[in-house]
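Since the structure comes first, as structure tokens, the remarks are kept for the end.
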Amino acid sequence: MTATSIRDAALIHFARDGYEGASLRAIADEVGIKKPSIYAHFSNKDDLFLHTLSHAFKEVQRHTLEYFRDHAHLSLEERLKGLLTWVEHEYNTQASARFMLRMCYFPPLALYNDVMGIVYPFLDGLERSLKRLLQRAIREGELPSIASEQVAVAFMTLLDGVTVELIYGNSRRYKIRLEAAWPIFWSGIHHLSN
């Protein structure tokens with residue numbers, strides 16, 4: 001049995017049950033091995049958790065890059081608003097997205113620094129990518145000359161604000177907040193001056 005199959009089973013359990021609720025015995029049962037066999041690949045539950053979390057973030061990053069590649073033909077507004085719609089779909093269909101988002105809001109206290117060591121580089125990278133996308137839109141005349149870094153931070157804040165509803169609420173509440181906030185964000189950035 002490979003470390004990959006253990007990690008893949010762990011992803012489902014950690015995404016559904018969180019760190020505290022996930023059981024190594026249940027993960028081993030799902031893979032079809034005895035619990036001690038996990039220790040041939042991972043030193044303990046923390047080690048398995050951090051490997052699985054790192055993998056989940058890489059999966060989400062890969063899917064995000066694929067989203068932008070597959071939607072490059074759309075206008076900037078359609079791509080950015082579409083990203084927010086796509087995030088909700090990913091959360092509802094991909095264990096890696098659910099796990100990532102849950103751990104951004106509820107990291108295990110004992111592993112807080114380790115988890116944030118994965119979360120913040122991911123968020124910073126996404127913000128840099130957004131800034132480059134906005135700068136390209138400005139150069140191509142799709143946006144007025146605005147402070148791209150400020151807009152990227154504002155977009156990330158909007159993303160934070162609506163994704164909270166995926167954690168605490170549901171998709172209906174997510175969509176209500178998105179439809180209310182998006183026109184204000186999009187209109188607002190056109191009134192910024194660089």
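Heavy-atom basis, side chains included; hydrogens, waters and symmetry copies ignored.
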Verdict with supporting geometry, I118 and F122, side-chain contact (heavy atoms from CB on, under 4.5 Å):
CA-CA 7 Å; I118 297 170; F122 172 84; 5.8 Å; no
With rounding to the nearest 0.5 Å, note down the distance linking [atom1] in [X] to [atom2] in [Y].
X    : Y    : atom1 : atom2 : value
N44  : F49  : CG    : CZ    : 12.0 Å
L83  : T64  : CG    : OG1   : 7.0 Å
L50  : D47  : CG    : CG    : 7.0 Å
I167 : C104 : CD1   : SG    : 8.5 Å
K175 : T85  : NZ    : OG1   : 8.5 Å
H41  : I6   : NE2   : CD1   : 4.5 Å

Partner of S75 by side-chain hydrogen bond (donor to acceptor under 3.5 Å, both in side chains), out of H71, E78, R79:
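By the side-chain hydrogen bond (donor to acceptor under 3.5 Å, both in side chains) criterion, S75 pairs with just one of H71, E78, R79: E78.
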Do [X] and [Y] have side-chain heavy atoms sitting under 4.5 Å apart?
X    : Y    : result
L133 : L80  : yes
L48  : F14  : yes
D8   : V31  : no
M116 : V119 : yes
M156 : L130 : yes
R173 : R177 : yes
T52  : H13  : no
P144 : I138 : no

As a quick check of understanding, evaluate side chain to side chain donor-acceptor pair (under 3.5 Å) for Y19 and D46, giving each step before the final call.
CA-CA 9 Å; Y19 174 84; D46 291 356; 2.3 Å; yes
What about the rings of Y67 and H63, do their centers lie closer together than 6.0 Å?
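Distance test on ring centres: not under 6.0 Å, no.
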Could you check whether any side-chain N or O of [X] sits under 3.5 Å from a backbone N or O of [Y], counting only pairs where one atom can act as donor and the other as acceptor?
X   : Y    : result
E77 : W186 : no
R98 : Y91  : yes
S5  : T2   : yes
K45 : A22  : yes

Is there a path from L65 to V60 through hydrophobic residues (I, L, V, M, F, W, Y) whose side chains come within less than 4.5 Å of each other?
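Different clusters.
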Is it possible for you to say whether L134 and V153 belong to one hydrophobic cluster, with membership spreading through side-chain heavy-atom contacts below 4.5 Å?
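Result: no, two separate clusters.
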Should we say atom NE2 of H51 is surrounded by more than 12 heavy atoms from elsewhere, each under 6.0 Å from it?
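Open.
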Does a sphere of radius 6.0 Å around CZ in R25 hold more than 12 heavy atoms from other residues, nucleotides or ligands, not counting ones at 6.0 Å or beyond?
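Counting neighbours around CZ of R25, 12 or fewer heavy atoms of other residues, nucleotides or ligands fall under 6.0 Å, so no.
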Minimum heavy-atom distance [X]-[Y], with the two atoms named:
X    : Y    : value
Y174 : V162 : CD1-O, 3.0 Å
S96  : L11  : CA-CD1, 3.9 Å
A95  : A15  : O-CB, 3.5 Å

Return the set of residues passing ring pair (Phe, Tyr, Trp, His ring centres under 6.0 Å) with H89 (not counting sequence neighbours), or none when no residue passes.
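So H89 forms no ring pair (Phe, Tyr, Trp, His ring centres under 6.0 Å) with any residue.
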Using the side-chain contact (heavy atoms from CB on, under 4.5 Å) rule, pick out the option among R136, K131, R132 that qualifies with S148.
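Answer to the side-chain contact (heavy atoms from CB on, under 4.5 Å) test with S148 among R136, K131, R132: K131.
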Before you tell me yes or no, could you show the steps for H191 and S187 under side-chain contact (heavy atoms from CB on, under 4.5 Å), namely the whole-Å CA-CA distance, both residues' side-chain angles and the distance that decides it to 0.1 Å?
CA-CA 7 Å; H191 294 283; S187 174; 3.9 Å; yes
N-O pairing of E88 and R172 below 4.0 Å
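Salt bridge between E88 and R172, a charged N being under 4.0 Å from a carboxylate O: no.
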Salt bridge or not between E59 and R62? Use side-chain N to carboxylate O under 4.0 Å.
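The answer is yes: the pair qualifies as a salt bridge.
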Begin from the C-alpha positions of I12 and I27 and carry the test side-chain contact (heavy atoms from CB on, under 4.5 Å) through to its verdict.
CA-CA 9 Å; I12 303 297; I27 293 168; over 6 Å; no
What pairs meet the side chain to side chain donor-acceptor pair (under 3.5 Å) rule with one or both residues in residues 102-128, with sequence neighbours excluded?
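Every pair satisfying side chain to side chain donor-acceptor pair (under 3.5 Å) with a residue in residues 102-128: Y105-T163.
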Before you tell me yes or no, could you show the steps for L158 and W182 under side-chain contact (heavy atoms from CB on, under 4.5 Å), namely the whole-Å CA-CA distance, both residues' side-chain angles and the distance that decides it to 0.1 Å?
CA-CA 8 Å; L158 172 62; W182 177 259; 3.9 Å; yes
Selection residues 152-172 - residue pairs positive for ring pair (Phe, Tyr, Trp, His ring centres under 6.0 Å), sequence neighbours left out:
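Output for this query lists F106-Y168, F155-F185.
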